[in-house]
Amino acid sequence: MNYTELSEQELIRRQALEEIRKMGIDPYPAALFEVNTSIEEIRKNFSPERNNFQEVRLAGRIMSRRIMGSASFSEIQDATGRIQLYIRREDICPPDNTALYDTLFKKLLDIGDIIGISGFAFITKTGELSIHVKELKLLAKSLRPLPIVKEKDGKVFDAFTDPEQRYRQRYVDLIVNPHVRDVFVRRTRLINSMREFLNRRGYLEVETPILQPLYGGAAARPFKTYHNTLEQTLYLRIANELYLKRLIVGGFDGVYEFSKDFRNEGMDRFHNPEFTQIELYVAYKDYLWMMDLVEEMIEKVAIDLHGTTQVQVGEHLIDFKRPWKRITMYEAIKEKTGIDIGEMDENQLREVTRKLNIETDETMGKGKLIDAIFGELIEPYLIQPTFIMDYPIEMSPLAKKHRSKPGLVERFEAICNGKELCNAFSELNDPIDQRARFEDQLQLGKRGDQEAMVLDEDFLRALEYGMPPTAGLGIGIDRLTMIMTNQPSIQDVLFFPQMRPEKKAVADPVEKYTEAGIPEAWVPVLQKMGFVQVSMLKNLNPNKLHQDLCGYNKKNKLSLPNPKPEEVKEWIGKIK
RNA sequence: CGGUCCGUAGCUCAGCUGGUAGAGCACGUGACUCUUAAUCAUGGGGUCCAGGGUUCGAAUCCCUGCGGACCGACCA
């Protein structure tokens, strides 16, 4: 670590660290500090009448300090909340040595440090629940200043809101923005709620490969990787559908998996390259049955998270109470546009998209054209949860043909807040038909559709052994979380959303500078000026650099002997 | 991939039509035994994202790049 890169405040904290060590205090002690309650417990259950919580032990991070001579108030934050501490010199120090208060607490501790305390709960004159501290122990020194967020009467001052910093340094975001923590806690409760629902029905949670020799089960471009020993290209899964169906063939009645899937496509507030889906397959069921399950499960999730079926999402109040509206895709399009596309061929559909001003291209087949109409005119306007049923066969190569409507498949999506919430169908279990559908996809691929599915021979072999009639379901967990926690962006429901890498040059060691003849004394100056690598000096104008160095020397009163212009020129000349 | 906007102290942000870089919080020093955006006094802190150009002079104007946000395109 090069000290010239540190800010003034970071240097002060490092000096404090040394002072603490000199006092004989370990700033990162190994011994366990025993805690016997949490801030939330105290907040919930303290009552002055019962005089409880009189011997509490807490640990947490210092979030504010108000020092008034020999007494101070401070706030600490643990995983459950924040509470005020009341610290007096005479309480934590022996009479003959006040160093613990006057030096350690007042001078050497900072906002961000992690401490353990023991003491008793009480209410201050101004009515604030606090802990009167009897004992204080440093558990970990913090070397970087935190963003300071203050709050009064619910108004937040100097909020830490820069999205880039929040996402890149999520740990800081979580420390200073308590509502962020809450979103992620609810995300986990959402997953637990679904898991509980499915387990209660006796379905088996399973794990299937993430590295797949063929990617299948969805329409998307994959990430590609390579296994050295096998000398084989592998893909990160875009879905796990085909593996879960193999398990249904194998005789499981109901299997599900919360799976991280990977799609090598654009990023925006609804798409992250890696995301989470749950997929569920249940034997001897159909898509109508699955609709009932979806309603019941999502309604339960809403109640588990909010205590009600109604959830505020942006400006909309969304009600997940059963039953949801059910309408076929063609009916929905007809309802909106007055056009019945039921009997149309590809050319007629192309004509309709032209009339409706919907952009298309030549690679789009019948299925994609219908999807374009739906996606443009219907989906964004469906706010309350709605089932859209019976999709064209061309866009659903893994779904079973409709029992009575030719050209359609038994598939539904639930749309909510203008976006797809889930996708489900009666699974295609006719191996001959499945092979034909894959071959149609190959044709689309040849036309230039980069997302067309590839043919999976092993999956077809499994189907040929016989798969029971099966209902399948996929739900995007990130998007469901966005709705259930009222977050506008997928980045707000992922701890570590994908970002471009931070670019920061690693500083060269001093020797690399001295090799070029640069005196050691000037190295920190050059680094402070931004030339953290010797190679950065390469094509510089020597006269300008000379001027800058002398100027820096003077301005900062370093009183270093100024180099001669020729010397500077020589340094630069030596750099390869 | 296209359009719009943004990048100044640890944090939040000012900085006009170019002329010596500002505030609040945070930090240092001092005062203060019930404060709470604590208060009072005082002090320090900046490659103004990077590189180039225009200019006597650039945080400011122009170009390029990097990073980010939003909207669209693509995409479940």
Side-chain angles (χ1 to χ4, degrees), chain A residues 4-13 15-16 63-75 82 84-91 101 107 110-112 122-128 130 132 143-153 155-168 172 176 218-221 238-239 261 263-271 273 275 277 359 361 368 371 374-375 379 395 413 415 419-423 450-451 474-476 478-479 488-489 491 499-505 525-532 536 539-540 548 552 555:
Chain A
T4 57
E5 290 171 22
L6 297 176
S7 70
E8 184 193 26
Q9 292 194 40
E10 287 173 295
L11 287 170
I12 287 166
R13 287 185 179 222
Q15 283 158 16
M63 297 305 289
S64 73
R65 304 199 310 151
R66 292 181 286 278
I67 294 171
M68 304 166 303
S70 61
S72 297
F73 289 95
S74 180
E75 281 172 302
R82 244 184 227 206
Q84 179 172 266
L85 303 179
Y86 181 51
I87 303 167
R88 294 193 309 185
R89 180 195 289 149
E90 62 197 53
D91 293 327
Y101 182 82
K107 301 281 184 201
D110 288 290
I111 290 173
F122 75 110
I123 309 275
T124 64
K125 279 182 192 164
T126 47
E128 171 116 6
S130 306
H132 192 127
L143 296 181
R144 281 179 188 261
L146 281 172
I148 304 296
V149 181
K150 297 211 173 187
E151 197 219 298
K152 186 182 186 175
D153 303 331
K155 251 188 285 179
V156 177
F157 297 82
D158 300 330
F160 180 65
T161 54
D162 177 30
E164 179 174 4
Q165 292 200 72
R166 285 187 47 224
Y167 301 148
R168 284 197 198 281
V172 174
V176 303
R221 276 136 67 193
I238 59 173
D261 293 342
R263 298 190 182 174
N264 205 341
E265 287 167 346
M267 290 162 58
D268 58 33
R269 71 191 182 94
F270 292 103
H271 299 85
F275 64 103
Q277 283 200 97
E359 265 186 66
D361 66 66
K368 284 219 161 193
D371 195 33
F374 181 76
E379 194 176 58
M395 55 195 286
E413 291 190 356
I415 313 291
K419 282 273 166 188
E420 173 199 340
L421 196 71
C422 78
N423 183 15
Q450 290 191 301
E451 305 180 330
I475 300 178
D478 311 289
R479 299 222 182 138
S489 162
Q491 295 170 305
M499 303 280 277
R500 280 199 172 78
E502 276 180 283
K503 283 205 182 113
K504 207 182 171 204
V525 176
L526 286 165
Q527 293 198 333
K528 185 84 185 171
M529 287 167 76
F531 305 111
V532 296
M536 290 172 156
N539 293 319
L540 249 44
D548 287 349
Y552 192 95
K555 190 186 166 200

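Chain A is the first sequence line, chain B the second, and so forth, proteins listed ahead of strands; every chain is numbered from 1.
- Using C1' as the reference atom, C49(B) and C32(B) are 43 Å apart when rounded to the nearest Å.
- Nucleic acid contact for R221(A): none, since no nucleic acid atom lies under 4.0 Å from a heavy atom of the residue.
- Note on Y86(A): a base of the nucleic acid sits closer than 4.0 angstrom, heavy atoms only.
- Phosphate proximity of G68(B) to R168(A): present, with a side-chain N or O under 4.0 Å from OP1 or OP2.
- Between R66(A) and A38(B) there is a side-chain N or O to OP1 or OP2 distance below 4.0 Å.
- Taking atom P on both nucleotides, G68(B) is separated from G15(B) by 26 Å, rounded to a whole Å.
- Positionally, the nearest nucleotide of RNA chain B for P145(A) lies more toward the 5' end than for the other of F122(A) and P145(A).
- Taking atom P on both nucleotides, C40(B) is separated from U35(B) by 15 Å, rounded to a whole Å.
- Sequence order on RNA chain B of the closest nucleotides to L146(A) and D110(A) puts L146(A) first from the 5' end.
- Taking side-chain N and O atoms only, K152(A) has a distance below 4.0 Å to OP1 or OP2 of A37(B).
- At a cut-off of 3.5 angstrom, the base of G44(B) holds at least one donor-acceptor pair with the side chain of E8(A).
- F160(A) and Q165(A) make their closest contact through CZ-CB, 3.7 Å (heavy atoms, listed as atom of the first residue, atom of the second, distance).
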